[in-house]
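In listed order, ligands and their atoms are each counted from 1. Since the structure is predicted, the reported quantities are computational estimates derived from the model, not experimental observations.
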Amino acid sequence: MSRLIALIPAAGSGSRMGNQLPKQYLPLAGKPMIYHALATLCHAPRIDQVCVVLAPDDEVWVRYDWSPFSNKLKVLYRGGATRAQSVLYGLNALQSEGAIQDDDWVLVHDAARPCLSSAQLDRLIDALVQDEVGGLLAIPVADTLKRADEKQCVIGTAAREGLWQAQTPQMFRMGLLMAALNKADNTAITDDASAIEALGLSPRLVLADAYNFKVTYPQDLALAELILQQRGTT
Ligand code: CTP
Ligand code: MG
């Protein structure tokens with residue numbers, strides 16, 4: 001039977017956050033940010049293992065106590081220069097250890113999405129576990145979209161019909177995902193689904209909610225904190 005493995009790329013520096021401490025470790029509701037995604041994934045009964053991919057020179061991870069997750073957590077110091085490389089190198093490491101099979105499902109989830117709920121995670125797995133290709137959580141674009149010139153003036157309005165914002169987790173079979181990432185331009189893509197799309201396949205969009213946004217800029221921290229506090233899981 002195929003297993004479900006979560007993989008959290010956490011080797012970024014958080015340049016848009018502008019803090020010296022990498023974004024995934026910034027304090028959020030009393031914990032380092034990555035703790036929240038880890039908790040949701042590790043507490044999901046259907047997920048067999050949760051792998052975190054850190055930068056090879058990460059010195060921050062060991063400062064915290066991760067023992068609450070020790071039954072499922074695996075730490076790989078294999079991150080690369082881009083998110084796609086971090087995912088691929090993490091999968092390579094798991095494969096060479098024999099820790100993962102081609103037909104296992106991989107759920108790739110950003111460390112920077114701390115507000116993923118257990119309910120959304122369940123919806124994703126339910127929607128995709130029998131799927132041929134796999135897919136991702138996403139929400140339809142609500143705002144009107146403007147295209148700007150270099151002077152930040154509008155040069156056009158893009159039709160938003162049929163446009164969705166991709167979130168994570170993104171869930172694909174390990175063999176397919178590795179083949180896709182090996183073939184893709186890993187310096188250009190910003191999610192896993194685009195590598196799958198480049199193979200000519202159509203990942204399924206699973207309706208999510210705006211709570212699962214990506215913490216990117218400093219002002220996003222306060223919103224994430226509010227969501228987590230209101231949920232009362234911290
Ligand atoms: N990531 C990674 N390896 C990289 C770059 C990003 O594992 N070389 C991870 C981040 O740690 C994060 C996820 O990919 O969990 C999504 O990336 P993003 O939100 O863009 O984080 P950063 O790249 O760290 O931030 P920025 O783009 O602002 O520098
Ligand atoms: Mg980035």
Side-chain angles (χ1 to χ4, degrees), residues 5-29 31-42 47 50-64 66 69 73-94 106-116 120-121 124 136-139 165-172 177-178 180-182 184-196 208 210-225 227-228:
I5 313 284
L7 187 119
I8 306 182
S13 63
S15 55
R16 286 169 288 180
M17 188 60 75
N19 198 297
Q20 224 184 351
L21 189 65
K23 181 169 71 172
Q24 54 273 25
Y25 297 118
L26 290 178
L28 186 62
K31 304 280 185 202
M33 187 186 305
I34 190 175
Y35 186 100
H36 301 286
L38 267 175
T40 303
L41 292 164
C42 286
I47 296 199
V50 179
C51 305
V52 176
V53 184
L54 302 177
D57 60 352
D58 186 307
E59 290 173 353
V60 186
W61 173 265
V62 293
R63 294 183 201 161
Y64 304 97
W66 304 105
F69 308 127
L73 183 60
K74 187 175 181 71
V75 182
L76 303 162
Y77 285 84
R78 296 298 186 99
T82 65
R83 180 188 183 280
Q85 282 170 357
S86 296
V87 173
L88 180 59
Y89 298 166
L91 291 176
N92 279 334
L94 289 175
V106 181
L107 289 92
V108 185
H109 183 61
D110 295 330
R113 293 186 190 271
C115 302
L116 171 69
Q120 289 288 349
L121 177 62
L124 179 77
L136 60 147
L137 288 179
I139 50 174
Q165 290 176 265
Q167 298 182 348
T168 69
Q170 303 203 352
M171 175 170 159
F172 298 101
L177 182 56
M178 271 191 89
L181 289 172
N182 269 314
D185 175 0
N186 285 337
T187 58
I189 58 170
T190 54
D191 75 346
D192 314 287
S194 30
I196 303 285
Y211 293 113
N212 186 30
F213 72 105
K214 190 168 72 163
V215 177
T216 305
Y217 299 102
Q219 63 269 26
D220 297 338
L221 286 165
L223 182 57
E225 179 117 13
I227 293 168
L228 291 168

Visitor: Between Arg83 and Asp191, does any NZ, NE, NH1 or NH2 come within less than 4.0 Å of an OD or OE carboxylate oxygen?
Guide: no
Visitor: Roughly how far, to the nearest 0.5 Å, is the CZ atom of Arg113 from the NE2 atom of His36?
Guide: 16.0 Å
Visitor: Crowded around Tyr64 OH? As in, over 12 foreign heavy atoms under 6.0 Å?
Guide: yes
Visitor: Got a sec: does the OH of Tyr211 have more than 12 other heavy atoms crowding it under 6.0 Å?
Guide: no
Visitor: So, taking the atom named OH in Tyr35 and the one named OG1 in Thr40, what distance separates them when rounded to the nearest 0.5 Å?
Guide: 10.5 Å
Visitor: Give the protein residues with at least one non-hydrogen atom closer than 4.0 Å to an atom of ligand 1, ordered by chain and number.
Guide: Pro9, Ala10, Ala11, Gly12, Ser13, Gly14, Ser15, Arg16, Lys23, Gln24, Gly80, Ala81, Thr82, Arg83, Ser86, Asp110, Ala111, Ala112, Lys214
Visitor: Can you sort out the partners of Ser86 under side chain to side chain contact (heavy atoms under 4.5 Å, CB included), two or more places apart, ordered by chain and number?
Guide: Pro9, Ala11, Val53
